[in-house]
Protein chains: 2
Amino acid sequence: MFFGEYVYKLDDKGRVPLPPKFRRDMREAVVLTKGPEKCIRAYPLAEWKRLADELASKALTSASQRKLNRAIFGTAFAAAFDKQGRIGLPLPLRLHAEIGDSIVVVGVNQSVELWNEDLWKSERASSEEQAEQIQEGMGGS
Amino acid sequence: MFFGEYVYKLDDKGRVPLPPKFRRDMREAVVLTKGPEKCIRAYPLAEWKRLADELASKALTSASQRKLNRAIFGTAFAAAFDKQGRIGLPLPLRLHAEIGDSIVVVGVNQSVELWNEDLWKSERASSEEQAEQIQEGMGGS
DNA sequence: AGGCTTGTGGGGAAAAGTGGGGAGAAAGGG
DNA sequence: CCCTTTCTCCCCACTTTTCCCCACAAGCCT
């Protein structure tokens, strides 16, 4: 399970370190994909396979599912940690997430998201707002 | 169940001791989050998981579910007790709660809140005022 | 009064973040 | 076809931060 928010710098070669806790759960095998929003999603290999199986079981049923498959698998990249615990971010993904020289790593339960710092701030703000509304609906404190 | 109000000092490394009674209920596994108000919330791991599940089950669409996950997991930090019963407070959380060198630990039923001393005084004042009104409505005391 | 528990402080070791250099592979031009 | 140039990937080293352990002082209970 991943959680927490960490800010790192990309060096001029496009490498990012991940928090040590994350590395331990991602035994040197990571799959990077375009996130639904403007971010990069990183899955541990096992979790990625699980998602892939889930998709594959539905792939034959509809044309839209096939398109979905292409969108997901076609834009996915494998990445490995170097000896310092960093991964290189492919340029297409960096462009998609508009990531410059600073980056935010966010743990989101089963996966990890990589954000442009400013985009993340606004996304977090709206996310927290929504969470509050739901909490009030629960009567929870 | 947590209750009571305790004042401690942060050392220059950002560590806080928790009351011994609290430690026993939080068997060395704590999750720290940004509170809705300007404070830090600490949950026992089990309690935090329960809340996370409860919230996640409320989400309607997959998009709102993603936002919710970001709000829940992105703002959470894991913390462990050292041999002296202290936990280290991550810098982002300290900034959020405006915590300087003195800190107030407040037990709030299922969770524990960590406050800036001055902010807590005003929060307590308004809390008590509101509590009085509610109690009068109950014909209480 | 004594011993135990608790709050507070400091020091040392280990790990993590950041930056730079070198070797290998791929691509393009002669 | 070969050489050159460029790009990418991997390894190494340094600095900073974090974590953990030890030790002292004060308060409480017995």
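Order of the sequence lines sets the chain letters (A, B, ...), proteins ahead of strands, with each chain counted from 1. Please read all numbers here as calculations on a predicted model, not as lab measurements. Every heavy atom of this structure was used, including side-chain atoms; hydrogens, water molecules and symmetry mates were not.
- At whole-Å resolution of the value, CG in A:L10 and C1' in C:dG17 are 13 Å apart.
- Checking C:dT18, D:dC10, C:dG7 against the side-chain heavy atoms of A:R15 singles out D:dC10 as nearest.
- Residue B:K83 has a polar side-chain atom (N or O) positioned under 4.0 Å from OP1 or OP2 of D:dC22.
- Remark: B:R23 is not in phosphate contact with C:dT5, judged by side-chain N or O atoms under 4.0 Å from OP1 or OP2.
- Counting to the nearest Å, the C1' atom of D:dC20 and the CD1 atom of B:I87 are 16 Å from each other.
- By the 4.0 Å N-to-carboxylate-O rule, A:E37 lies close enough to B:R70 to be salt-bridged with it.
- Considering only heavy atoms from C-beta on, A:V104 stays 4.5 Å or farther from A:R124 through its side chain.
- Comparing B:D82 and B:L91 along DNA chain D, the residue whose closest nucleotide (by nearest heavy atom) sits nearer the 5' end is B:L91.
- Summarising the geometry, the separation between OH on A:Y6 and P on D:dT17 is reported as 18 Å, rounded to the nearest angstrom.
- Side-chain proximity of B:Q84 to the nucleotides D:dC11, C:dG7, D:dC22 is greatest for D:dC22.
- Of the two residues contacting DNA chain C, namely B:D12 and A:L18, the nearest-nucleotide position lying further toward the 5' end is that of B:D12.
- Between B:A97 and B:N116, the shortest heavy-atom distance links the atoms O-CB, 3.6 Å.
- With C:dT18, C:dT8, C:dA16 as the choices, the nucleotide that has an atom nearest any side-chain atom of A:P20 turns out to be C:dA16.
- In this structure, A:F81 places its CZ atom 15 Å from C1' of C:dG17, rounding to the nearest Å.
- Applying the 6.0 Å contact sphere to CZ of A:F73 captures more than 12 heavy atoms from other residues, nucleotides or ligands.
- The CG-P distance, from A:D11 to D:dC10, rounds to 14 Å in whole Å.
- Here the side chain of B:R24 is nearest to one of C:dG19, C:dT6, C:dT8, namely C:dT6.
- Following rounding to the nearest Å, A:Y8 (OH) and C:dG19 (C1') show an atom-to-atom distance of 16 Å.
- Nearest nucleotide to the side chain of B:P17, out of C:dG10, C:dT18, C:dT8: C:dT8.
- Under 4.0 Å is where a charged nitrogen must lie from a carboxylate oxygen, and between B:E54 and B:K58 no such pair does.
- Summarising the geometry, the separation between CG on A:L89 and C1' on D:dT8 is reported as 14 Å, rounded to the nearest angstrom.
- Comparing atom distances between the B:R86 side chain and each of C:dG7, D:dC10, D:dC21 picks out D:dC21 as nearest.
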